[in-house]
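First comes the structure, then the notes that go with it.
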6 protein chains.
Amino acid sequence: MILEIKDLLAEQEIARLRDIASATKFVDGRASNVGYGEKQNLQADPSDANAAEASKIVTGALMRSRQFADFAFPKRLLPPMLARYTPGMKYGPHADAALLATPTGPLRSDISATVFLNPPESYEGGELVLHLGARAMPIKFAAGAAVLYPSTTLHEVAPVRSGERLVAITFIESFVADEADRDVLFELGEISALEGNNVHPVNRMRLEVVRQNLTRRWSGR
Amino acid sequence: MILEIKDLLAEQEIARLRDIASATKFVDGRASNVGYGEKQNLQADPSDANAAEASKIVTGALMRSRQFADFAFPKRLLPPMLARYTPGMKYGPHADAALLATPTGPLRSDISATVFLNPPESYEGGELVLHLGARAMPIKFAAGAAVLYPSTTLHEVAPVRSGERLVAITFIESFVADEADRDVLFELGEISALEGNNVHPVNRMRLEVVRQNLTRRWSGR
Amino acid sequence: MILEIKDLLAEQEIARLRDIASATKFVDGRASNVGYGEKQNLQADPSDANAAEASKIVTGALMRSRQFADFAFPKRLLPPMLARYTPGMKYGPHADAALLATPTGPLRSDISATVFLNPPESYEGGELVLHLGARAMPIKFAAGAAVLYPSTTLHEVAPVRSGERLVAITFIESFVADEADRDVLFELGEISALEGNNVHPVNRMRLEVVRQNLTRRWSGR
Amino acid sequence: MILEIKDLLAEQEIARLRDIASATKFVDGRASNVGYGEKQNLQADPSDANAAEASKIVTGALMRSRQFADFAFPKRLLPPMLARYTPGMKYGPHADAALLATPTGPLRSDISATVFLNPPESYEGGELVLHLGARAMPIKFAAGAAVLYPSTTLHEVAPVRSGERLVAITFIESFVADEADRDVLFELGEISALEGNNVHPVNRMRLEVVRQNLTRRWSGR
Amino acid sequence: MILEIKDLLAEQEIARLRDIASATKFVDGRASNVGYGEKQNLQADPSDANAAEASKIVTGALMRSRQFADFAFPKRLLPPMLARYTPGMKYGPHADAALLATPTGPLRSDISATVFLNPPESYEGGELVLHLGARAMPIKFAAGAAVLYPSTTLHEVAPVRSGERLVAITFIESFVADEADRDVLFELGEISALEGNNVHPVNRMRLEVVRQNLTRRWSGR
Amino acid sequence: MILEIKDLLAEQEIARLRDIASATKFVDGRASNVGYGEKQNLQADPSDANAAEASKIVTGALMRSRQFADFAFPKRLLPPMLARYTPGMKYGPHADAALLATPTGPLRSDISATVFLNPPESYEGGELVLHLGARAMPIKFAAGAAVLYPSTTLHEVAPVRSGERLVAITFIESFVADEADRDVLFELGEISALEGNNVHPVNRMRLEVVRQNLTRRWSGR
């Protein structure tokens, strides 16, 4: 399942991230290649002090989002990185690597996330394109919105034709490794959140027992 | 989970089964031993024409029961057999065999069922005792009621002290082989059946999608 | 993964199926409801002799398709049914049922298929819409083409606004029940088919061993 | 499976825990709600220095118990907490939450444990009631004894009618997440411990190989 | 695990199979290729009436063998075929196909079997060579003996240098699809068979419960 | 699968390890028994400062080996230990324990490794013998070579008849716990490494996506 989180970032967070982006050194994205496609982009130099502040803002926004928690069951995430695509840049079709090196040992990438920082009308091209077999799904959300998709998905960033694509990206290791498992838990969580008070307390509790027991079964195994 | 189905059999079915029992030849139960404990009981001779009628009555009652369908997800069942325990008879602790021979190939016994045919007050002892570790659970239901329990359960029939324990027993191969899986599906089915009209149609449909997708995932794999 | 099979049907098969459709009695689709959404369509009366011929044509086309075999690992399929949507008709969001009744016992629906019989420009609306979380994917292929998608997918048929949507639909039980497993096997099969002669025979054989061993592991378990 | 550990605590440990309980501040149990039922009890204030000593005593007793090790395969446990139920208090039906917050990250609760600190004859009501479908199993063990049960179990604490129910509770993350897996390993361990010297050394070793290989397979996956 | 069954065939069965082999038409083995290696051998023409008698003899011998039952948990097997390798013939490295066509639908090949019909000293070369990574294991058993190995194993038949390699081969679909699962059950079965009377009846029954419950869990899923 | 890594150690590393062995105190191997067989050998005293240097040399050699990485998917490993067998010493049949105590908590032993430090012609006997059912596989590699095998394998060290068997041994917890899973990933990795440039970049990328997605699925679950 593919999740859109609208308004993940507040207006002032978007503004601050854009300021950081203009004051930060960017380096060739191939330096930190986590996938296998033809990659032509720029990424914030992780040794630049600004990179840490940007990471912290995006991490904080994800961590306060109920949708993120219910969808991702996050265990750990790679510090979010700023990435920039100027005209002609792209990232060819690829799937993200399974195990990403981190200072505290490899992180298994279960879910990939892109947070959009520029308004879609300010650049042409640059869609995140998810390949789902017969059909491709192009995605270009509003500034401050995020898209989350399974790291198993073949995807690419289409060439930017004008303007600048500025995003933050991260990779999440989930307590619930399997996509289909997470989908079931997300649905049960949404139904419970939306209908909680409409159902008899006994049945609400029974539904909660099912949800907890499936979470238990699918966590960390 | 252990299920009681009250009033599985109608009054006239109970009466007919008791009549059949008194007109049928019973043989030493060890002839068709499907478990591993010390077995001392009598079972209806399967070559007796009456045995087929008894099987048919009990099978029909199970097949028309919604609780049975929602709990057992039945794929095949062994023809139900009449069993009789007179004073002194018992069936020591055992678990039922995994694969039972049938004319159409081995049947995997996932769920075991006992249908009680005599009133509990008409015989002393003869409880079906389920061993669940620290504690044992003795079961003796009304005539016409059935108990279903996972075939993995260590269990025994306590010695009959007076009167006669008359039951029908059968073993069910389920589409959903795993007990914990069946428990989840049963709960979702009950919640849906009890609360269906209280929730918004969209969420009712979402719950149904979850239930169907879990059934699909856990069926026949 | 979602598969498009172009030119599944030959021209004369399309023509014959349209002829059959015009000569066959159609009944309210709710009579054979296999899903849970709001259903407003017409389906060929299965007791009409023409229905059997239509089934046979579509089954034959699927069975001769290498793409179908490599994607679906078909074990059994429900006899394909003709369905017709005239203006105003639709099938609301739903997922297909897990277990479908057939004369030879329940069939587990792993993959759902729609074969398009009318040209897309001959009717407005009537798209098959797959819901994949954040985004919906509308599908309307050429006459004679088929789309296959996991039966777990929430989907709907959008209301027809003009013209007639004529399709054949079927449900497939696969040897390989899990979607992610089938995706891996499909990819390995495609790579092997496309690159076979480019690689050293020893490595070609090693790849085939992997493919056979994964098929074995994931088949019928 | 449900395990009773008799004499988990020594006499002086029981006495010390009761002394601690009378000297410790108790707060409303809803402050640390790890389940979903209607909760009316008191729990030792974790910021009270006494709470740490009580935790340490109970943890030590569990860690020296061979039965605990063979049944639970403990990886981590939540610091045991003292809980008190005075007349009228209860904890309605619920299942324990799957993931419990701890200072070192979420702990998956696989097994729940209750250690009884007051003699059963000193209070009326207050049974731990496990719901296993058709039948409930009420549990009230001797002071110093513990009961362990899968955290998946729907359970409740019946209202206390007189006297005081004083217990310590904890939640265990197991190397072996699945209940049925743990049951198999526990049985093989018990058989091996009880029969070790009766069997030929080669077969004893073969049994040990099976036990180690199943432990390996089911650990931490 | 690799199993040798000594004396699978009685002397007169070996003699009869050799007589059949000399009276039967053999055809190029590539006609019924079930693997992927370079195959140069001869197989009995399945349309020859003798082939059916040979199949029946070998099937009967397997079915009466307790070792075969305990190791293979056979569900179905392909009719055994006679194969002959004369000097220069061989079957290059390959693994057996996962799904084999049969008149009653595809059979999943879980276990492969070779029954040796000529004495090893009567031909040079012709070893069945199992490749297990770093090391190869050459196998050439006595006439009447059989070797069973997982169909996942990369293997070959080394070139025959003199004499004639005459064997019967078959492929078995097991109730227990996974090799590691079968190994555990085989070990528990052997321990139980060898030590049964040395252990206390209660523990013998507990071991049997474990064995039945694991068989149930791993059968047909 | 069983892997041989030739030339794991450089000449000077072998020499240094032999020097360390002669300068280090060895103690009875039963002091650190991680298996269950009859053990008669000597192991370097872990409290001897030399033991740490030897561990470091062997760990470094494993960590720089691409074959080790592709075969073992190492998460953690027990510090390698020197072991010495003089004439008459042996280690009877056993399988390694599933969970090994370490200062940072139990390590699950998925793969066992032996690094040979003396030339095979310098001692008689002392083979590592892997038992694979019908046949045993004796292993005695060159000085500086290593053998890796699944910790599930029943194995022994044959009695040394003359000379000295000097080895380093270690146990590896893998990201990919299951042997069959690791075998598939190793094969895909080898094919990709050997054939990478021969195949079309799109198919190379598709193969890489399969490999990453299977690694993801099988890692740490």
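Values below: all heavy atoms of this structure, side chains included; hydrogens, waters and symmetry mates excluded. Quick caveat, the model's predicted, so the values are computed rather than measured. Numbered from 1 within each chain, the chains take letters A, B, ... in sequence-line order.
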Go through the atoms of [X] and report whether side chain, backbone, both or neither lie under 4.5 Å from a heavy atom of chain F.
{"X": "E/Ile139", "value": "both"}
{"X": "E/Pro138", "value": "backbone"}
{"X": "E/Phe141", "value": "side chain"}
{"X": "E/Leu3", "value": "backbone"}

message = Surrounding CG of F/Asp7 (heavy atoms of other residues, nucleotides or ligands, distance under 6.0 Å), is the total greater than 12?
response =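 For F/Asp7, atom CG is not crowded (no more than 12 foreign heavy atoms under 6.0 Å).
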message = Take a 6.0 Å sphere around CD of F/Glu11 and say whether it holds more than 12 heavy atoms from other residues, nucleotides or ligands.
response =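 Count not over threshold, so no.
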query = Is the ring centre of F/His94 less than 6.0 Å from the ring centre of F/His155?
reply = yes
task = Could you check which of F/Met137, F/Glu4, F/His131, F/Glu179 has the highest count of heavy-atom pairs closer than 4.5 Å to chain E?
result =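 Most heavy-atom pairs under 4.5 Å with chain E: F/Met137.
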key: Option passing side-chain hydrogen bond (donor to acceptor under 3.5 Å, both in side chains) with F/Glu208 (candidates F/Arg206, F/Gln212, F/Arg204)   =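 Among F/Arg206, F/Gln212, F/Arg204, the one that satisfies the side-chain hydrogen bond (donor to acceptor under 3.5 Å, both in side chains) with F/Glu208 is F/Gln212.
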task = Please flag which part of F/Ile5 lies under 4.5 Å from any non-hydrogen atom of chain E: side chain, backbone, both or neither.
result = neither
query = Side chain, backbone, both or neither: which part of F/Ile2 has a non-hydrogen atom closer than 4.5 Å to chain E?
reply =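 The answer is both parts of F/Ile2.
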query = So, are E/Arg64 and E/Glu13 salt-bridged, with charged N and O less than 4.0 Å apart?
reply = yes
key: Short N-O contact, F/Arg66 and F/Glu190, less than 4.0 angstrom   =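 Looking at F/Arg66 and F/Glu190, the cut-off is met.
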